Protein chains: 2
Amino acid sequence: MPRWKPDAAERLQTAALELFDQQGFERTTVAEIVQRAELTQRTFFNHFADKREVLFRLSSRLQEEIVREIAAGDDALPPLDAVVRALEVVADKMFEDHRAVVARRHAVIAANPELLERELGKNAALTEAIAAALQARCGDPETAFLAAGAAMLAQQAAFRQWTRPGETRTLRDLLLDAVRSLRTTVG
Amino acid sequence: MPRWKPDAAERLQTAALELFDQQGFERTTVAEIVQRAELTQRTFFNHFADKREVLFRLSSRLQEEIVREIAAGDDALPPLDAVVRALEVVADKMFEDHRAVVARRHAVIAANPELLERELGKNAALTEAIAAALQARCGDPETAFLAAGAAMLAQQAAFRQWTRPGETRTLRDLLLDAVRSLRTTVG
DNA sequence: GATGTGATTGCAGCTTGTGCAATCACCGTA
DNA sequence: TACGGTGATTGCACAAGCTGCAATCACATC
């Protein structure tokens, strides 16, 4: 028989999400999480740099997908459209079918300032990565940064709406709406 | 004679900034900071919620000024222009004459992921406050959010440039340039 | 002169996070 | 089958961040 039960990281994430959801992030200790996942504290910190990171297991993959999609896109597209198209593709691939889980996770994050800060950090890193991908194509760093930031702003507005109870439109449609609104508001 | 030396919070901030600048945020302990400021750890945590917060003493005042300036502005201005005007005024009042100190502080923050996350949190809170101030005037929440986010994006681009060594233009001018670039990129 | 206020302090204790060494199933190779 | 390397997990000791509670005592007020 195997020495350990498989999927330690996933078990830790699941246990953590359940506990954070029930009793809040601050009122949950790492000791409780590892007890539920039948592991030890040391193992928790082998998998995750800190207590917050357990909720962001997929963000690096998300960033890779988006950057790849930008690089694979049509070079003739204006920078903002290039990013938006990539976000559409990834929204369909990684979000659309998991609205309930994603909304649940987002509620946990939104309920705690520390987790919110971590998410902002991930978003900022993603924005930088997008800007770098754009710059590899179009050149000008400031344009790349502004296009990346604008796209992420629209994405954020769309995501907020998408996780509202009762909302049924797809994230892709909401993103396109948000881009239209942004063009009106800025232009 | 007075029981304690005055301005404890300011002394703590000064001591912390010096130490962070010399040896980095992570390599500096709260014990070192309070020793330099001639206070105790308990007093440090009476003044600041955590070790990072010592670098953000002025951010609440900054937020108040900007929100007040938006409320005091011309009601007929489109939302983005209303925010930009407020940012211009506050840039002149609180930043323009302190480029060296501000750049120094920004370098310390940029050098550490934890501090960067905290700054992103402050910026997000400021964006929400701006959006709320706009919404009190123009109504639509999504437009308010997008205008606030777009203005903060331009502000961020301008600030980056303003703190570059050798840059001599004013933050106000750089902000207006960034808004123009944003309009081009988005529109 | 009595009294209340508030900034500071000491201390005990919990939680997060790290370095280092040890364990032991699994895998490839001889 | 035997053998040695790999890698995920663990225990332990410890630094550092942060909190609750009670005590101090200059200062202001009456």
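What's counted below: heavy atoms across the whole structure, side chains too, no hydrogens, waters or symmetry copies. Note that the coordinates shown come from a computational prediction; the quantities given were computed from them, not determined experimentally. Lettering of chains follows the sequences in order, A, B, ..., and the numbering in each one begins at 1.
For the pair B:Glu117 and A:Glu119, the minimum side-chain heavy-atom distance is 4.5 Å or more. By the 4.5 Å heavy-atom criterion applied to side chains, A:Thr43 and A:Val34 are not counted as neighbours. Put simply, the side chain of B:Leu62 does not reach to within 4.5 Å of the side chain of B:Glu65, judged on heavy atoms. With a 4.5 Å cut-off on side-chain heavy atoms, B:Glu38 and B:Arg11 count as touching. Looking at heavy atoms from C-beta onward, B:Glu10 lies in side-chain contact with B:Arg57 at the 4.5 angstrom threshold.
Here C:dC14 presents its P atom at 16 Å from CZ of A:Arg27, a figure rounded to the nearest Å. Counting to the nearest Å, the C1' atom of C:dG17 and the CG atom of B:Asp50 are 16 Å from each other. Between the CD atom of A:Glu53 and the C1' atom of C:dT18 there is a distance of 17 Å, given to the nearest Å. Put simply, CD on B:Glu26 is 11 Å from P on D:dG17, counting in whole angstrom units. Between the C1' atom of C:dT15 and the CD atom of A:Glu114 lies a distance of 12 Å, rounded to the nearest Å. In this structure, CZ of B:Phe25 is placed 13 Å from P of D:dA16, rounded to the nearest angstrom. When the P atom of D:dC18 is taken as reference, atom CG of B:Leu12 falls 14 Å away, rounded to whole Å. In this structure, CZ of B:Phe45 is placed 17 Å from C1' of D:dC21, rounded to the nearest angstrom.
Between A:Arg85 and A:Glu69 a salt bridge is recorded (basic side-chain N to carboxylate O distance below 4.0 Å).
No continuous path of hydrophobic side-chain contacts links A:Val102 to A:Val108 [ILVMFWY only; heavy atoms under 4.5 Å].
Figure legend: A:Arg105 and A:Phe56 shown as a cation-pi pair, the cationic atom lying under 6.0 angstrom from the six-membered ring centre and within 45 degrees of its axis.
Taking each heavy atom of B:Glu96 and B:Trp162 in turn, the nearest pair found is OE2-NE1, 3.5 Å.
Within residues 30-37 of chain B, the residues approaching DNA chain D are B:Val30, by heavy-atom distance under 4.0 Å.
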Subject >> Sugar-phosphate or base contact per nucleotide [nucleotides 6-14 of chain D; S, B, -; heavy atom under 4.0 Å] >> reply: -BBBBBB--

